[in-house]
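Side chains included, hydrogens not; waters and symmetry mates left out as well; all remaining heavy atoms used. Within every chain, numbering begins at 1; the chains are lettered A, B, ... in the order of the sequence lines, protein sequences first and strands thereafter.
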Amino acid sequence: MSDLNSKKERGSLAKWSRRGFIGAGVLAGGGLLIGIGVRPGNPVDALRPKVAAGAGEQLVNSWVKIDADNIVTAIVPHCEMGQGAHSVLAQMLADELDAAWEDVRVMQAPADGSYVVSDTARMFVAPFTMNAAAWIEPTWDGLFTQIGRFTDAMITGGSSSIRSTGQYQMRIAGAAARQMLKGAAAEEWGVPTSQITTRDSTLFHEQSGRSAPYSRFAAAAAEQPMDHTPQLKSPAEYRLMGKSKARTDIPAKVDGTAQFGIDAAPEGLDLSYAAVVRPPVNGTSVTSMNAERAMQMPGVLQILNMGDFVAVVGDSYWEAQQALGAIDIEWSEAESPTRSTEDQFVAFAAALDEAGDDGGDEVAAKGDATSAFADADTLIEAEYRVPYLAHAPMEPVNCTALVKDGKCDVWTSTQVPLMARTAIEKAIGLPKDDITVHHPYLGGAFGRRLENDYVTMAARIAKATGYPVKMIWSREEDTQKGVYRPADLSRHKAALGADGKLVGYASIFTQRHDPAEASVPAMYNIPNTSVRVAASDLHLPFAAWRSVDHSQQGWFVESFIDEAAHAAGKDPLEYRLAMLGNSPRHAAVLRKVAEMSDWSAPAAQDTAKGVAIVESFGTIVAEVIEVDMAAGKPKMTNCWAVCDAGFIMNPDGFRNQIEGGIVFGLTAAMYGEIDLVDGAAKQSNFHDYKMLRMNEVPAIEVAIINSGDIPVGGAGEPGLPPAAPALTNAIFAATGRRLRELPIAKQFA
Amino acid sequence: MTSFTLNGQPVTIDADPAMPILWVVREKLGLSGTKFGCGIAQCGACTVHLDGEPVRSCSTPLAQAEGREVTTIEGIAGPDGELTKIQQAWISEQVPQCGYCQSGQIMAATALLRDNPAPSDEDIDAAMSGNICRCGTYTRIRRAIKVAAGIEQPLSERMAGEA
């Protein structure tokens, strides 16, 4: 099997794709020493006008602001898209700073090179330096900050905010700021720094009975030397980390005041609104347009033929959308021969046929799979297929832009604000320094907002109009003209010994994106393994979709392991456990979910349970799902999940993410499907691209195992991959019907 | 001209009577708490109350508001800004993730609890299944409704030791 943790694999500069970059942060995983994170020098003078211009505000270092009322603000470089990172990152910083939690606020760092996440760069390029000697740190850290700037590394994704930025930036920034505050107080009080203690945003010198709020020394602290490797707390000293502190963003999300990209209302700007239509078939363009009737419609200001799309700009979005429907547009012919879903799968099958048993590219290999199949007592084979999926965040894609006097401002929900700036630079020809990206809360993203297609469209519209425009995609545009989790076809083969044990395992599929190891069942002790990929072109554009390759590979692998268990006549949970001898954390997770779900209890009439376990983004998650088939179709009644992510910083926030990941995975499993008809995406809105609703979700119970003392795994994505296989395995257990194609619901219609 | 009451305040607006209430409220009256999700009454993100009843404002023309009361998420708190029991339960149960659908969810739950102070799971299913949450917070929404109704204890009391 290839060594996925090798420096070579992770350090390859050739793989600096956006998601590759994120995936790398994921690979870095556990075992790293803490000690790096504050960039060299203390650039507070340069940052003050951008983040601490308010009256009485002092910047201690790049990430810590303290105001005259002793309110501590954590400046966080990640976006808030529902994953709770803003709040938990602040929790980590505040704990190291000994700040009073009720007086801590969170501020979104501006889209500025000063706030690149240098650790993402570091984890990717040279993870082996994460525990380098202290003397080398300022140099290395500066280097990685530069690399981060170069690659616009201000990215939210890969379930990485807490274990990367939280561990290596926010905690260190908080601890360093605390040291700097102590140093400033010690100087003025004329006492040794070692005699100063801190608690609840207050400095104490017990010997003299003196105390002062942090605010008193915030300005002087910024002048203190900054330790790049400050002493961090041990778990026994945590006061906030590991606690279910309430999220700071939630109050604004229950009274309508939270501002999302689509709510942009920049002061002093009189916004117009744009409705847009892109070509039905990816890659085609406008050949002709008749907009005479639309131009006469009320509220219409301008109709723009942008070549690759048409925009109506109006006084209101609704009027613009009405007029858009009245334009006759001819689109060019598509070059891609793929017209239907079947065409796509025929192409996949051809790629797999051509590769045969040993063609394509090796992903992982161990032992001698070929001989294992030749010698097998029992040979089983299966072919699985999954459809394209849209992200469908509740906030449709949108962007507000103003291009005027050689400057561009955009307001948008994005996971990659700096990449958005670079994309705009290319699209409208303004230098980056004259482009400002304002990025408020995201109404969901799930990978969709790692792309900049919509941002550049809005900037181009605003350049054409010269006045500020809010562009909103209709739900139909969002569903049909976006970017997608790829469809795929995967073939699996297993050799079982006389005792039913798996002695050989092989799989081959056509889509390998990220993470690189997603298809490899490395936790299982299988002596002979061959995992291969035979690449085949996609008709719809690819995008990272929550958990990326794990979203399909988790289902392929854990469905097939289940098939092997049944072929061996074994209990599927016991069968897995027997292969986890070298993976004690996985085994512990599986045992606990068996206990929680009362796995071995006899099933009630028409019900059955299924199990699956997947490690993704550093977190091991096992799920058991119970289905009731009494109505002749699956009704999900219960879901139990057990997770080991090392150490959980905010248990309730983590559980919320796992619950969400489960529902996202079950939604895709039951309903998710984007079909191709005449080369275009067929499903258009929530009536045919269905979501699970309140009456369909099972009761969900999530338990956590803290097997370590630092977070090694993420939260946003790992709940998803086991959900679909646990469900289809339960359906098999209940009915004897093995589902090898998703989605499920239409197969029981 | 269309005249109606918005969160207790009289409003007269000159807009196309066919324009959905959603866009009137968001773009003409500057209240952005009500969200656009689908435009075809499938997701519930745009839910407001029309004379106290939940409606999908993306598919309800302005003309239907004439002479009636429109209530949005901005208009449900008490006169001094005190959050309703439902809003408080949404906080205590830590319901929202991205939060985009939650205005609509809260408006639907508000109407449910007003008419049915102790809803069963089936009642909750019936009242809430028109509202999609893509982040998948359904189990928390269900629990928050029960907490607001006084049927279940708040999360904070069940998480002893974790907070």
Seminar exercise, completed: Closest heavy-atom pair, B:S129 versus A:R693, reported as atoms and distance to 0.1 Å, is O-NH1, 2.8 Å

For this session: Could you grab the distance from atom CD of B:E74 to atom OG1 of A:T257, nearest 0.5 Å is fine?
Result: 8.5 Å

Problem set entry | Region of A:L240 in contact with chain B, defined by heavy-atom distances below 4.5 Å | neither

Problem set entry | Considering all heavy atoms, the nearest A:H687-B:I40 contact | ND1-CD1, 3.7 Å

Exercise. When you check the side-chain N and O atoms of B:Q87 and A:D255, is any donor under 3.5 Å from an acceptor?
Worked result: no

Exercise. So which part of A:Q321 gets closer than 4.5 Å to some heavy atom of chain B, the side chain, the backbone, both or neither?
Worked result: neither

For this session: Name the region of B:W23, side chain, backbone, both or neither, that has any atom closer than 4.5 Å to a heavy atom of chain A.
Result: side chain

For this session: Pick whichever of B:G99, B:C135, B:C38 has the most heavy-atom pairs under 4.5 Å with chain A.
Result: B:C38

Exercise. Listed by chain and number, what are the ring pair (Phe, Tyr, Trp, His ring centres under 6.0 Å) partners of A:F260, not counting sequence neighbours?
Worked result: B:Y100

Exercise. B:Q42, B:R26, B:E27: which one forms the most heavy-atom pairs within less than 4.5 Å of chain A?
Worked result: B:E27

Exercise. Is the side chain of A:N656 donor-acceptor paired with the backbone N or O of B:Q94 at a distance under 3.5 Å, no angle test?
Worked result: yes

Exercise. With a 4.5 angstrom heavy-atom cut-off, which part of A:M81 approaches chain B: side chain, backbone, both or neither?
Worked result: backbone

Exercise. Where does B:A18 contact chain A at under 4.5 Å (heavy atoms): side chain, backbone, both or neither?
Worked result: both

For this session: Under 4.5 Å, counting heavy-atom pairs only, tell me which of A:P298, A:A445, A:G444, A:S316 racks up the most with chain B.
Result: A:S316

Exercise. Which bit of A:N650 comes within less than 4.5 Å of chain B, counting heavy atoms only: side chain, backbone, both or neither?
Worked result: neither

Exercise. Picking from A:Q83, A:E659, A:Q657, what satisfies side chain to side chain donor-acceptor pair (under 3.5 Å) with B:Q97?
Worked result: A:Q657

Seminar exercise, completed: Correct closest heavy-atom pair for A:R475 and B:G37 would be NE-O, 2.8 Å

Problem set entry | Gap separating the OG atom of B:S32 from the CD1 atom of A:I262, nearest 0.5 angstrom | 10.0 Å

For this session: Would you indicate whether the side-chain heavy atoms of A:Q322 and B:M19 approach each other to under 4.5 Å?
Result: no

For this session: May I ask you to name which of A:G653, A:G84, A:A252, A:G660 has the most heavy-atom pairs under 4.5 Å with chain B?
Result: A:G660

Exercise. Do you know the tightest heavy-atom contact between A:V254 and B:P96?
Worked result: CG1-CG, 4.2 Å

For this session: Determine the option with the most heavy-atom pairs under 4.5 angstrom with chain A, choosing from B:T139, B:L31, B:I141, B:I132.
Result: B:I132

Exercise. Out of curiosity, A:Y317 OH to B:F36 CZ, how far, rounded to the nearest 0.5 Å?
Worked result: 4.5 Å

Problem set entry | Most chain B-contacting option - heavy-atom pairs closer than 4.5 Å, from A:R546, A:E476, A:H391, A:K470 | A:H391

Exercise. Between B:I91 and A:P251, which heavy-atom pair has the shortest distance, and what is it?
Worked result: CD1-CA, 4.1 Å

Exercise. Does the side chain of A:F446 come within less than 4.5 Å of B:R134's, by heavy atoms?
Worked result: yes

Problem set entry | Approximate separation, where rounding is to 0.5 Å, of B:K28 NZ and A:D315 CG | 5.5 Å

Exercise. Any side-chain heavy-atom pair from B:R140 and A:D652 closer than 4.5 angstrom?
Worked result: yes

Problem set entry | Contact class of A:T667 relative to chain B, heavy atoms under 4.5 angstrom | side chain

For this session: Decide if atom CD of B:E82 counts as having more than 12 heavy atoms of other residues, nucleotides or ligands within a radius under 6.0 Å.
Result: no

For this session: Identify which part of A:W473 has an atom lying under 4.5 Å from any heavy atom of chain B, answering side chain, backbone, both or neither.
Result: backbone

Exercise. Counting distance only, does the side-chain N/O of A:K253 pair as donor-acceptor with the main-chain N or O of B:C98 below 3.5 Å?
Worked result: yes

Problem set entry | Minimal non-hydrogen separation, A:A258 against B:K35, with atom names | O-NZ, 4.0 Å

Exercise. Does a sphere of radius 6.0 Å around NZ in A:K690 hold more than 12 heavy atoms from other residues, nucleotides or ligands, not counting ones at 6.0 Å or beyond?
Worked result: no

Exercise. So which part of A:Y441 gets closer than 4.5 Å to some heavy atom of chain B, the side chain, the backbone, both or neither?
Worked result: neither

Exercise. Quick one: does B:R142's side chain have a donor or acceptor within less than 3.5 Å of a partner on A:M694's backbone?
Worked result: yes

For this session: Give, as side chain, backbone, both or neither, the part of B:V95 having an atom under 4.5 angstrom from any heavy atom of chain A.
Result: backbone

Problem set entry | Heavy-atom contacts under 4.5 Å, residues 106-124 of chain B to chain A | B:I106, B:I124

